[in-house]
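Working notes for the structure below.
Both counts, for ligands and for their atoms, begin at 1 and track the order of listing. Position 1 is the first residue of the sequence; numbering continues from there.
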Amino acid sequence: MAATDLERFSNEEKRNLSLGGHVGFDSLPDQLVSKSVTQGFSFNILCVGETGIGKSTLMNTLFNTTFETEEASHYESAVRLRPRTYDLQESNVHLKLTIVDAVGFGDQINKDESYRPIVEYIDTQFENYLQEELKIRRSLFNYHDTRIHVCLYFITPTGHSLKSLDLVTMKKLDSKVNIIPIIAKADTISKSELHKFKIKIMSELVSNGVQIYQFPTDDEAVAEINSVMNAHLPFAVVGSTEEVKVGNKLVRARQYPWGVVQVENESHCDFVKLREMLIRVNMEDLREQTHTRHYELYRRCKLEEMGFKDTDPDNQPFSLQETYETKRKEFLGELQRKEEEMRQMFVNKVKETEAELKEKERELHEKFEHLKRIHQEEKRKVEEKRKELEDEMNAFNRRKVAVETLQSQSLQATSQQPLKKDKDKKKAGWWRGFLSLLMMARKKRP
Ligand code: GTP
Ligand code: MG
C-alpha cells in the first residue's frame, strides 16, 4: 500500500455498519457469565478486631450458616492469622469463601507490632499470586486465589473515638486491602451516641489520612445506592444466629429483658446495608479493586525492587527483554568482579600459608640441628665412659693373672717345705709379698 493510501486510510472515519440479520455476538456477555459460573468464584475476607468483638457471629449471620467458631484465647503472645476455606453454593453459583481471623489482636501488652503479621499475611498472598503469574507454565485458570478482597475492621463500640491501635493498623493496611470499618456490637451503644461516634470515627480517619474502601459510584446502575451507603460508613452492625419470634415471624435477633434487637431491621442496625454492599452489590468490585489496585501496586513495587523498569534513564520505553539483557550484563560483570576478588584472595591466602610453612620448616630444622648436637655430645661422653671401663677391666684382669700366678707359686713352695713352723713363716712371707704386689698394682692404675 502506498504512503498516501495509508494516510487516507488512517484519516478515514470509523464506519458503522448495520447487520443484515442476527449474527450472535450479542451472546458474548452470556458466554462470559456461563464461563464464570462454571469456573466458580473465590472471595476472601479478613476479619480484624479484638478477641470476642463478634467476628465469628457476624460471619455466621452474613452467610446465614454456621462456620466453625473456635473461641480465641486472650493469652496469645502475638497476633496470628487463621484462614479457613469453605465451599458455598447459592443457586448454581459456587463460591470458595475464605475467612481469615486475626487471632489475638489487641491482647498483647505491647501492641506496637500487632499490625505486622496481618501485613505479612496479605503480602504473602500477593507474592504467591505473583509467583504463579511469573511461571512459564502458569495455571491461573484453576489457581486458588487467596488474596484478601476485603478487610472488615471491627471497631469496639466505646462511643469515644478510635484507639491508636485501630488507626495505626488501618493506616498500615489501607494500601494493601479494601478496608470496610464497622462498629461491632452496635446494640450496646445508644442511637445518639452512635451517630456522634460515626462522625468522630470518619473525621479521625480523614485527619489521619486512612483510605477506607469507597463503594464505587462510576457504574450508573449502582451509583446512587453506593453514594448513599458511603455516607453511612462506618456501618454499625449487630450479629446473632439466634432466632426470635417477632409478630408471627421468626427473625434473627438478640433478645434482652427490655426488648429485641433485630439484626435485619434497618432501624435497629446497619447489618442489611453491610450485607447488601459487601455481597450483593460490590463483591465483584472488591475483587477487581484487589487485583487492579492493591495487587498491581504490590507487583509494581516488587518488580521495581527486582530492577525491572518500564523506561530507561532517558525516559524512553524499556522492554522486558532489554531490562533482562542489562541485568544479565550487570550480573555477569558483578560475577566476574567477584571471581577476580576471590582469585586474588585465594592467591594471597596461598602465599600466606606458604610463608607460614617455610617458617615452620626453618624452626623444625633448627630444632633438629640442636637435637643432633646434643645427641653427638652424649654419644662422645658414652664412648669415653666405655673406654674408661674397658681400661679398668684390663687392669683388673692383669691383677687377677698376677694374683693367680702368685698363688700357684706359693702352693709349689709349700709342698717343698714339710715343717709346719716353716710353713707358717712362709705363709706370712707370702702374704707380705702379695700385699706389696697389690699396692704396686693400685699405684699403676690411672
Ligand atoms: P474470637 O474469635 O474468640 O476472637 O471472638 P469473636 O470476635 O469471633 O466473637 P464471637 O462471635 O465469638 O462473639 C463473642 C461474644 O459476643 C458472644 O457471646 C456473642 O454472642 C457476642 N456477640 C456477638 N455479636 C454481638 C453483637 O452484635 N452484640 C452483642 N451484644 N453481643 C454480640
Ligand atoms: Mg471468632
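Protein heavy atom at the shortest distance from atom 3 (O) of ligand 1 is Ala72 N, 2.8 Å. Nearest protein heavy-atom neighbour of atom 14 (C) of ligand 1: Gly52 O, 3.6 Å. At the top of the distance list for atom 9 (O) of ligand 1, counting protein heavy atoms only, stands Gly54 N, 3.1 Å. The protein heavy-atom contact nearest to atom 23 (C) of ligand 1 is Thr57 OG1, 3.4 Å. Of all protein heavy atoms, the one lying nearest to atom 16 (O) of ligand 1 is Lys185 NZ, 3.1 Å. Atom 8 (O) of ligand 1 has as its closest protein heavy atom Ser56 OG, 2.7 Å. Here the heavy atom of the protein found nearest to atom 28 (N) of ligand 1 is Asp187 OD1, 2.9 Å. The nearest protein atom to atom 24 (N) of ligand 1, hydrogens excluded, is given as Gly239 O, 3.6 Å; this is a heavy-atom distance.
Taking a 4.0 Å cut-off on heavy atoms, Phe271 fails to register as neighbouring ligand 1.
For Glu90, the CD atom counts as loosely surrounded, since its 6.0 Å shell holds 12 or fewer non-hydrogen atoms of other residues, nucleotides or ligands.
No cation-pi contact links Arg287 to Phe41, judged by a cut-off of 6.0 Å to the six-membered ring centre and 45° from its axis.
Atoms CD and CG, from Glu50 and Asp107 in turn, are 7.5 Å apart once rounded to the nearest 0.5 Å.
Screening Arg386, Arg380, Lys381 for a salt bridge (charged side-chain N to carboxylate O under 4.0 Å, His left out) with Glu384, the sole residue that qualifies is Arg380. Just one residue in the list Ile148, Asn44, Ile45, Ile122 forms a side chain to side chain contact (heavy atoms under 4.5 Å, CB included) with Val100, and that residue is Ile148.
Because the distance cut-off is set at 2.8 Å, Ser56 qualifies as a neighbour of the Mg ion (ligand 2) through one of its N, O or S atoms.
Set against the non-hydrogen atoms of Thr51, the atoms of ligand 1 under 4.0 Å away are 3 (O), 4 (O).
Taking a cutoff of 4.0 Å between a charged side-chain nitrogen and a carboxylate oxygen, Arg337 and Glu334 qualify as a salt bridge.
Residue Arg254 holds the heavy atom nearest to atom 21 (C) of ligand 1 of all those in Glu50, Arg82, Arg254.
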